[in-house]
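One structure is given below, encoded as structure tokens.
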Amino acid sequence: MRRVSRPGGRVVALEITQTNLPGWAPLFRAYFHHIVPWVGAIVGGDREAYTYLPQSVDRFVTPPALAALMEEVGLRGVKYRRVGFGTVTIHTGIA
């Protein structure tokens, strides 16, 4: 994203992340891994797509690690904020 952004342009990434809130983390994990694929099969007709999503989130880097990667590629003023009980993270940086 930094490569294709104008100098001074804002880069924003919205990611589903593993929550780190005690007590909430196991509940979200059960919901995300079991309920979401079931609903995806009913509503979207594609259980596999909604099974892949939680599995990919499990393998994704943590919010601090993504912030470090953004800085590593040259973004400035990188910040992140967890929302939705820590299940979504918004990362921002300046190109």
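Along the sequence shown, residues carry numbers from 1.
For T87, the side chain to side chain donor-acceptor pair (under 3.5 Å) test picks out no residue, with sequence neighbours left out. Shown here are the side chain to side chain donor-acceptor pair (under 3.5 Å) partners of T89, two or more places apart in sequence or in another chain: T17. With sequence neighbours excluded, the residues satisfying side chain to side chain donor-acceptor pair (under 3.5 Å) with D58 are R29, H33. Considering only residues two or more places apart in sequence or on other chains, F85 meets the ring pair (Phe, Tyr, Trp, His ring centres under 6.0 Å) condition with W24.
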Distance-only check: which donor-acceptor pairs under 3.5 Å involve side-chain atoms of residues 62-81, not counting sequence neighbours?
residue	atom	partner	partner atom	Å
T62	OG1	A65	N	3.3
R76	NH2	A95	O	2.7

Side-chain atoms of residues 3-15: list all donor-acceptor pairs with protein atoms under 3.5 Å, sequence neighbours left out, distances to 0.1 Å.
residue	atom	partner	partner atom	Å
S5	OG	M1	O	2.7

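Other residues sharing a hydrophobic cluster with I94 under the 4.5 Å side-chain heavy-atom criterion for ILVMFWY residues do not exist; the residue is a singleton.
Hydrophobic clustering of Ile, Leu, Val, Met, Phe, Trp and Tyr side chains at less than 4.5 Å, counting indirect connections, unites I35 with L53. Linking ILVMFWY residues whenever their side-chain heavy atoms come closer than 4.5 Å, directly or via other members, places L27 and I16 in the same cluster.
Judged as a ring-ring contact (aromatic ring centres under 6.0 Å, His included), not a single pair has a partner in residues 36-77 (not counting sequence neighbours). For residues 39-50, no pair satisfies salt bridge (Lys or Arg N to Asp or Glu O under 4.0 Å), with sequence neighbours left out. Among residue pairs with one or both ends in residues 30-40, none qualify as salt bridge (Lys or Arg N to Asp or Glu O under 4.0 Å); sequence neighbours excluded.
Expressed to the nearest 0.5 Å, how far CG of L21 lies from CZ of R82 amounts to 7.5 Å.
Using cut-offs of 30° and 60° on the angle between ring planes, the pair F32 and F28 is parallel.
Taking both residues in full, the closest heavy atoms of A25 and T19 are given as CA-CG2, 3.3 Å, listed atom of the first, atom of the second, then distance.
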